[in-house]
Amino acid sequence: MRILALDVGDKTIGIAVCDELKLTAQGVEVIRRTSPAKDFTRLNELITMYQAGLVVIGLPKNMNGTIGPRGELVKEFANKLIQTIPNVEITFWDERLSTVAAQKSLIAADVSRAKRRQVIDKMAAVFILQGYLDSLPRG
């Protein structure tokens with residue numbers, strides 16, 4: 001069973017998936033949000049394609065650990081996802097600073113500003129998933 005990760009934004013959803021050993025996260029794509037029906041159809045396709053049994057959703061928290069308006073929107077999205085695709089398990093992962101880390105990584109790799117805009121959400125999903133994978137017990 002693989003794990004899929006989502007970085008949910010207003011305009012895009014960054015997607016990442018782990019390898020079968022659950023060691024590393026790789027970016028998959030960025031969904032340009034058009035309608036909830038299309039968004040969830042594409043997510044269902046990806047969940048099926050990668051045989052993902054778990055979806056890790058980045059939960060934006062305030063720096064003091066509380067959940068603000070953006071976090072509440074992500075929770076609403078997760079509830080709709082569960083209603084639309086009930087056979088998948090969902091968990092949240094604290095995504096504070098994941099976009100900042102992704103941005104720094106892309107800048108360090110000398111990726112142009114235009115290219116960064118195209119892939120930043122996918123890279124944020126990779127950071128979210130890798131953080132989750134690194135927290136799993138090994139052995």
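As the structure is a computational prediction, the values presented were derived from the model and not from experiment.
In this structure, CG on Leu43 lies 7.5 Å from CG on Leu4, to the nearest 0.5 angstrom. One distance of note links CD of Gln26 with CD1 of Ile15; it measures 14.0 Å at 0.5 Å rounding. For the atom pair CE (Met1) and NZ (Lys22), the distance works out to 4.5 Å, reported to the nearest 0.5 Å. In this structure, CG in Asp7 is found 11.0 Å from CD1 in Ile57, a value given to the nearest 0.5 Å. To the nearest 0.5 Å, atom NZ of residue Lys61 and atom CH2 of residue Trp93 are 9.5 Å apart. Rounding to the nearest 0.5 Å gives a distance of 12.5 Å between CZ of Phe127 and CD of Glu95.
In plain terms, the two heavy atoms of Lys38 and Thr34 that are nearest each other are CD-OG1, 3.3 Å. Minimum heavy-atom separation, Leu133 to Ala25: CD1-N, 3.9 Å. When all heavy atoms of Arg70 and Val8 are compared, the pair lying nearest together is NH2-O, 3.3 Å. Between Ala5 and Leu129 the shortest heavy-atom distance is CB-CB, 3.4 Å. Residues Ile31 and Arg42 share a closest heavy-atom pair of CD1-CG, 3.7 Å.
Aromatic ring centres of Phe77 and Phe40 lie closer together than 6.0 Å.
Remark: Lys122 does not engage Glu29 in a salt bridge, criterion side-chain N to carboxylate O under 4.0 Å.
By the criterion of side-chain heavy atoms lying less than 4.5 angstrom apart, applied directly or through intervening Ile, Leu, Val, Met, Phe, Trp or Tyr residues, Ile85 is grouped together with Met49 in one hydrophobic cluster. With hydrophobic clusters built from ILVMFWY side chains whose heavy atoms lie under 4.5 angstrom apart, Leu46 shares a cluster with Val74. Taken together through direct or relayed side-chain contacts under 4.5 Å among Ile, Leu, Val, Met, Phe, Trp and Tyr, Leu23 and Val28 form parts of separate hydrophobic clusters. In terms of hydrophobic clustering, with Ile, Leu, Val, Met, Phe, Trp and Tyr side chains grouped at heavy-atom distances under 4.5 Å, Ile3 and Leu21 are assigned to different clusters. Under the 4.5 Å side-chain heavy-atom criterion for Ile, Leu, Val, Met, Phe, Trp and Tyr, Val56 and Leu73 are members of distinct hydrophobic clusters.
Side chains of Thr91 and Glu89: no donor on one and acceptor on the other come within 3.5 Å.
Between the Arg33 side chain and the Gly9 main chain, a donor and an acceptor come within less than 3.5 Å of each other. In terms of modelled atom types and a separation under 3.5 Å, the side chain of Ser135 and the main chain of Tyr132 share a donor-acceptor contact. Within the 3.5 Å criterion, the main-chain N or O of Val30 finds no donor-acceptor partner in the side chain of Asp121.
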Begin from the C-alpha positions of Gln130 and Asp134 and carry the test side-chain hydrogen bond (donor to acceptor under 3.5 Å, both in side chains) through to its verdict. CA-CA 6 Å; Gln130 193 63 57; Asp134 292 346; 2.9 Å; yes

